[in-house]
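Here's the structure, in structure tokens; my notes come after.
Numbering starts at 1 and runs along the sequence shown.
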Amino acid sequence: MEKRSSVQRDPNPAYTTLKDWVLKEAIPVSLDPSGAFTSPIDKIIASLDDAVELVGFGEALHGGEDILVLRNLLFQRLVEKHGYSAIAIESSFPRARVVNEYIAGRGPVSYEEIKEVGFSHGFGSLEANRELVEWMREYNADPSHQVKLRFYGFDSPTEMMYADSPRQVLLFVLDYLTSIDSISGNYHKTRIEPLLGNGPEWENPAAAMDPTLSVGLSPSATELRIETEDLISELMERRPELVAESDESQYLGVVQYAMLARQLLNYHGVLARDSENRLVRLLGIRDVMMAENLLYIVSRERYRGKVLAFAHNSHLQRGKAHMQLGPHALTWWPAGSHLNEMFGPRYVVIGSAVCLSDDNGIIQPEHGTLEALLGDLPGPISFIPTHKAHGLPAPEIAALPIRSGSMKNPTYFALTSQCFTDFDWLAFLRSTSYARGGPPLHR
């Protein structure tokens, strides 16, 4: 497995020890939505470049309730004080349209109607996500708020053990084209719909570990990829006409769906291929889809406000992601590495870490680990800038041991020396409870 990236050495570090850095730069934060929360957050946001358009906030594990509560309060403050107009979370891009309709006051009339269809990975069952969505709906209902908030999912339409059928995303594109040009739309429908088959044959969980059970390279799937390319080509060729007949925002949204269909078919193709790098490629394709979705989301919000993206640390970090899956040591480029290339200084990312969590099987961090060092801070939560390791003691960072993981929650990843260059800030929580009843499976 590739070695983790080393931090850059500074011949004149501002701090001779990491303990000095922690004691002098950590900013305490309370979850009480008052000055104890807002003032520190305002200080952090004021430290960012004015050009920032996208802030990533990573979670150290899935299901950490206190991290989700912190996210909600952070987003509320970003909206009310700092010109943010949207949040994008690690949930299916096409499913999130249902949630966005709900917060706009259209479509379903209760959260119960959207909590399963509007989210992937079971995230709709998390109480903090309900609270987030209901707050956004209430905010949008206030006529004094001229800029209405938007909710997005930026994840690919995949799960840990299977990928969605391309049916939903392709039918969305075909319906749009048919509404403008019934002849062309119906032509593509007659060629594409027979190739889509049934959902179960695309979404077989057993195919995750056995490529022979995937339909991704079947004759019909191969033909469907060709037909999808033809559909994308026509959308591109007819852009002036289609924009005039609908509007630019609607057109660009449809194109994003078409591009997502292309990548989803590529994902299924890799799923069906027996190769040594199969799992790494699947992880990489998923994160590419995440990054492309965020690129679209930021472009859509550009003249309305800025965007907060929320996902697992490993998706938003700048450097390579690493995961041990059984005997497989997997390393790939996550969405954050692509976003760093796409946005440069317009992308800022905050990672998070946890000291203790009985619910999640996270025990006292071992002496010398970064979590142990941060755990000496008073209060429930602290934010600290990493300075991308500039001015910090490089030898001490390089020698940092990695704390023990969790036997209960496999989505928990401890901090490593790479976190200094992966994240601009770290949010450290002394503890977090577990927000879900069952064993966490998704990452």
(message) Restricting to non-hydrogen atoms, name the atom on Ala221 and the atom on Gly216 that form the minimum distance, rounded to 0.1 Å.
(response) CB-O, 3.5 Å
(request) State whether Glu234 and Arg238 are salt-bridged, where the test is any N-O pair (Lys NZ or Arg NE/NH1/NH2 against Asp/Glu carboxylate O) under 4.0 Å. (result) yes
(request) Would you please say whether a donor-acceptor pair under 3.5 Å links the side chains of Asp287 and Trp332? (result) yes
(request) Report the C-alpha distance between Met289 and Met259 in whole Å, list the side-chain angles of each, state the deciding distance to 0.1 Å, and finish with yes or no for side-chain contact (heavy atoms from CB on, under 4.5 Å). (result) CA-CA 9 Å; Met289 284 192 266; Met259 297 299 186; over 6 Å; no
(request) May I ask you to check whether Asn198 and Arg167 show a side-chain donor-acceptor distance below 3.5 Å? (result) no
(message) Quick check on salt bridge (charged side-chain N to carboxylate O under 4.0 Å, His left out): which of Lys148, Arg150, Lys306 does Glu301 satisfy it with?
(response) Arg150
(request) Examine His338 together with Trp333 and report whether their ring centres are nearer than 6.0 Å. (result) no
(request) Say whether Tyr257 and Gln168, considering side chains only, have a donor N or O and an acceptor N or O under 3.5 Å apart. (result) no
(request) Taking atom types as modelled, find out whether Glu59 and Asn313 have a side-chain donor-acceptor pair closer than 3.5 angstrom. (result) no
(request) Taking only Lys NZ, Arg NE, NH1 and NH2, and the carboxylate oxygens of Asp or Glu, determine whether Arg239 and Glu248 approach each other closer than 4.0 Å. (result) yes
(message) Pair Phe154, Phe93 - check ring-ring contact (aromatic ring centres under 6.0 Å, His included), show working.
(response) CA-CA 5 Å; Phe154 71 92; Phe93 177 82; 9.7 Å; no
(message) When you compare the side chains of Glu134 and Tyr102, does any donor N or O come within less than 3.5 Å of an acceptor on the partner?
(response) yes
(message) Whether the Gln263 and Ser156 side chains hold a donor-acceptor pair (N or O, under 3.5 Å, no angle test) is what I'd like checked.
(response) no
(request) Please work out which of the three classes, parallel, tilted or perpendicular, describes the rings of Trp135 and Phe75, given edges at 30° and 60°. (result) perpendicular
(message) For a quick check under 3.5 Å, do Ser233 and Glu237 share a side-chain donor-acceptor pair by atom type?
(response) yes
(request) Salt-bridge test for Arg191 and Asp230: reply yes if a basic N is under 4.0 Å from a carboxylate O, no otherwise. (result) no
(request) Could you label the plane-to-plane angle of the Phe310 and Phe57 rings as parallel, tilted or perpendicular, counting under 30° as parallel and over 60° as perpendicular? (result) tilted
(message) If only side-chain N and O atoms count, and only distance matters, is there a donor-acceptor pair under 3.5 Å linking His121 with Asp155?
(response) yes
(request) Would you kindly say whether Asp181 and Ser184 are connected by a side-chain donor-acceptor distance under 3.5 Å? (result) no
(message) Ring centres under 6.0 Å, that's the criterion: do His387 and Phe420 meet it?
(response) no
(message) Can a side-chain donor-acceptor contact be found between Arg71 and Asn129 if the only test is distance below 3.5 angstrom?
(response) yes
(message) Whether the Ser275 and Asn277 side chains hold a donor-acceptor pair (N or O, under 3.5 Å, no angle test) is what I'd like checked.
(response) yes
(request) Answer yes if the side chains of Glu65 and Ser433 hold a donor-acceptor pair under 3.5 Å, and no otherwise. (result) yes
